[in-house]
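Notes for the one structure printed next.
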Protein chains: 2
Amino acid sequence: MKKTEELIQSAGQAGSGACDSFHATIEFIGKRWMGIIIYHLLDGPKRYHELAAEIDGISDRLLTERLKELEAHGFAVKRAVPAGRKVEYELTDKGYAFEPVIRSILTWVKQNGSCTKDRT
Amino acid sequence: MKKTEELIQSAGQAGSGACDSFHATIEFIGKRWMGIIIYHLLDGPKRYHELAAEIDGISDRLLTERLKELEAHGFAVKRAVPAGRKVEYELTDKGYAFEPVIRSILTWVKQNGSCTKDRT
DNA sequence: AAACAAGCTTACTAATAGTAAGGTTTATTC
DNA sequence: GAATAAACCTTACTATTAGTAAGCTTGTTT
């Protein structure tokens, strides 16, 4: 049995169906800034401008876009904060369930160092 | 202490340095097709055309580009297969160390279903 | 009431990805 | 042994996505 098949088996699914879900998922969370946004939301609910301040280099345009996508895919909910026209974003259970993924990446970084940003 | 700080602590690093490495790493592996290529290479060494055949939808151009990036960042090595002008790509230890990340994503998929590809 | 901040949106440019074709070297087939 | 095909790229071009900068609206502060 191939290693990839074992991985899929251990994840409890068989065949290309699992692979497709995996593909869709990894491409979704691989979108630029997505992982970092999820990472920061693991802290708990945050306001738009908090995220904007914490995530160095992200633009309003993409932060808004990514937050909308997180909402649309059920990773996060947007909530109006009472008293004021402020909003807050919070991960859903589905979103919080991503913590092990983030954690495993942090572990990898610890053991293997970073990826530099330079292109070949 | 914030959750993100705890995550960083548990990964054995402190401050924004760890966050930057994390950022660089997640953006690198988040590039389109990168995760899927790594996933397929977890099987062991593979030829170019094997990857091309297994990864549905990828083009020669991007497969070549991603493989070069994996090489340049020390995730994989390219080897000439003796007898023939064939090449083979194999993950390095650094690359194989990514298995837990892939595994955690598969676990997430099992528990939470896929992300559909449709945009909002 | 003037000025400022939050949370977007819009318009435009730059970078990245997708598509299709072709090129070169090796293997295969007639 | 010439023709064909397959492996492994490369190039040129289009389409999609990201980055930059400005502005707009509602609400808050002074």
Side-chain angles (χ1 to χ4, degrees), chain A residues 23-38 40-41 43 45-73 76-90 115-120, chain B residues 20 23-38 40-41 43-73 76-90 115-120:
Chain A
H23 185 159
T25 302
I26 205 166
E27 293 289 308
F28 178 74
I29 62 150
K31 286 181 156 216
R32 207 159 291 173
W33 303 107
M34 197 64 99
I36 292 109
I37 293 171
I38 293 171
H40 283 277
L41 283 174
D43 269 350
K46 288 213 173 136
R47 303 265 306 274
Y48 178 92
H49 73 280
E50 290 182 283
L51 289 168
E54 286 173 2
I55 302 173
D56 196 46
I58 199 171
S59 65
D60 281 345
R61 201 177 77 68
L62 277 232
L63 179 54
T64 303
E65 199 169 306
R66 288 297 104 95
L67 287 170
K68 274 185 189 162
E69 287 166 353
L70 285 171
E71 259 197 287
H73 289 262
V77 287
K78 178 179 177 177
R79 230 193 329 264
V81 174
R85 111 203 170 31
K86 296 159 182 183
V87 293
E88 193 174 73
Y89 293 88
E90 181 170 25
C115 297
T116 56
K117 254 176 238 164
D118 57 278
R119 306 285 137 76
T120 316
Chain B
D20 290 351
H23 184 160
T25 302
I26 205 166
E27 292 291 307
F28 176 75
I29 60 149
K31 288 182 151 213
R32 206 158 294 173
W33 302 106
M34 197 64 99
I36 292 110
I37 294 171
I38 293 171
H40 283 277
L41 283 173
D43 268 351
K46 288 215 175 134
R47 302 267 307 275
Y48 178 91
H49 74 279
E50 290 182 284
L51 290 168
E54 286 173 4
I55 302 171
D56 197 47
I58 199 171
S59 66
D60 281 346
R61 201 176 79 68
L62 275 237
L63 179 53
T64 303
E65 198 170 305
R66 288 296 105 94
L67 286 170
K68 274 186 189 163
E69 287 165 354
L70 286 172
E71 258 196 288
H73 289 261
V77 287
K78 178 180 179 177
R79 230 195 327 268
V81 174
R85 103 195 178 30
K86 297 157 180 182
V87 293
E88 194 175 73
Y89 294 87
E90 182 169 22
C115 299
T116 55
K117 254 175 237 164
D118 57 278
R119 305 286 135 75
T120 318

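Lettering follows sequence order; numbering is per chain, from 1.
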When the distance from [atom1] of [X] to [atom2] of [N] is rounded to whole Å, what number comes out?
X     : N      : atom1 : atom2 : result
B/W33 : C/dG18 : CH2   : P     : 6 Å
B/I55 : C/dG18 : CD1   : C1'   : 16 Å
A/L63 : C/dG7  : CG    : P     : 10 Å
B/I58 : D/dC8  : CD1   : P     : 14 Å
B/E27 : D/dT17 : CD    : P     : 16 Å
B/H49 : C/dT25 : NE2   : P     : 20 Å
A/R32 : C/dT16 : CZ    : P     : 6 Å
A/K46 : C/dG7  : NZ    : C1'   : 17 Å

> If only side-chain N and O atoms of A/K78 are considered, is one of them under 4.0 Å from the OP1 or OP2 phosphate oxygen of C/dC8?
Replying inline: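 Checking A/K78 against C/dC8: at least one side-chain N or O falls below 4.0 Å of OP1 or OP2.
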
>> Is there a side-chain contact between B/Y89 and the phosphate of D/dC9, meaning an N or O under 4.0 Å from OP1 or OP2?
In response: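 Affirmative; the distance criterion is met.
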
Heteroatom pairs (N/O) under 3.5 angstrom, protein to nucleotides 9-12 of chain C:
residue	atom	partner	partner atom	Å
C/dT9	OP2	A/K68	NZ	2.9

Which distance, rounded to the nearest 0.5 Å, do you find between the [atom1] of [X] and the [atom2] of [Y]?
X     : Y     : atom1 : atom2 : answer
A/K31 : A/L70 : NZ    : CG    : 10.0 Å
A/I38 : A/R66 : CD1   : CZ    : 11.0 Å
A/I36 : A/I58 : CD1   : CD1   : 8.0 Å

> Is any side-chain N of the basic residue among B/E71 and B/K68 closer than 4.0 Å to the acidic one's carboxylate O?
Replying inline: no

> Would you call A/K78-A/E88 a salt bridge at under 4.0 Å N-O?
Replying inline: no

> Do A/L63 and A/Y48 have side chains that get closer than 4.5 Å, going by heavy atoms?
Replying inline: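 The answer is yes; the side chains approach within 4.5 Å.
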
> Quick one: does A/L51's side chain get under 4.5 Å of A/L67's, heavy atoms only?
Replying inline: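 Contact flag for A/L51/A/L67 side chains = yes.
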
> Between D/dG19, D/dA7, C/dT19, which nucleotide has the shortest distance from any of its atoms to the side chain of B/S59?
Replying inline: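 The nucleotide sitting nearest to the side chain is C/dT19.
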
>> Nearest heavy atom decides the nucleotide; on that basis, is B/L62 or A/L67 closer to the 5' end of DNA chain C?
In response: A/L67

> What about the rings of A/W33 and A/H40, do their centers lie closer together than 6.0 Å?
Replying inline: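 No - the distance between ring centres of A/W33 and A/H40 does not fall below the 6.0 Å cut-off.
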
> Closest heavy-atom contact between B/K46 and B/L41?
Replying inline: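 B/K46 and B/L41 have their closest heavy atoms at CB-CD2, 4.0 Å.
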
>> In dot-bracket form, 5' to 3', how is DNA chain D paired? Count Watson-Crick and G-U wobble pairs only if both distances fall under 3.5 Å, and write | where the partner sits on another strand.
In response: ||||||||||||||||||||||||||||||

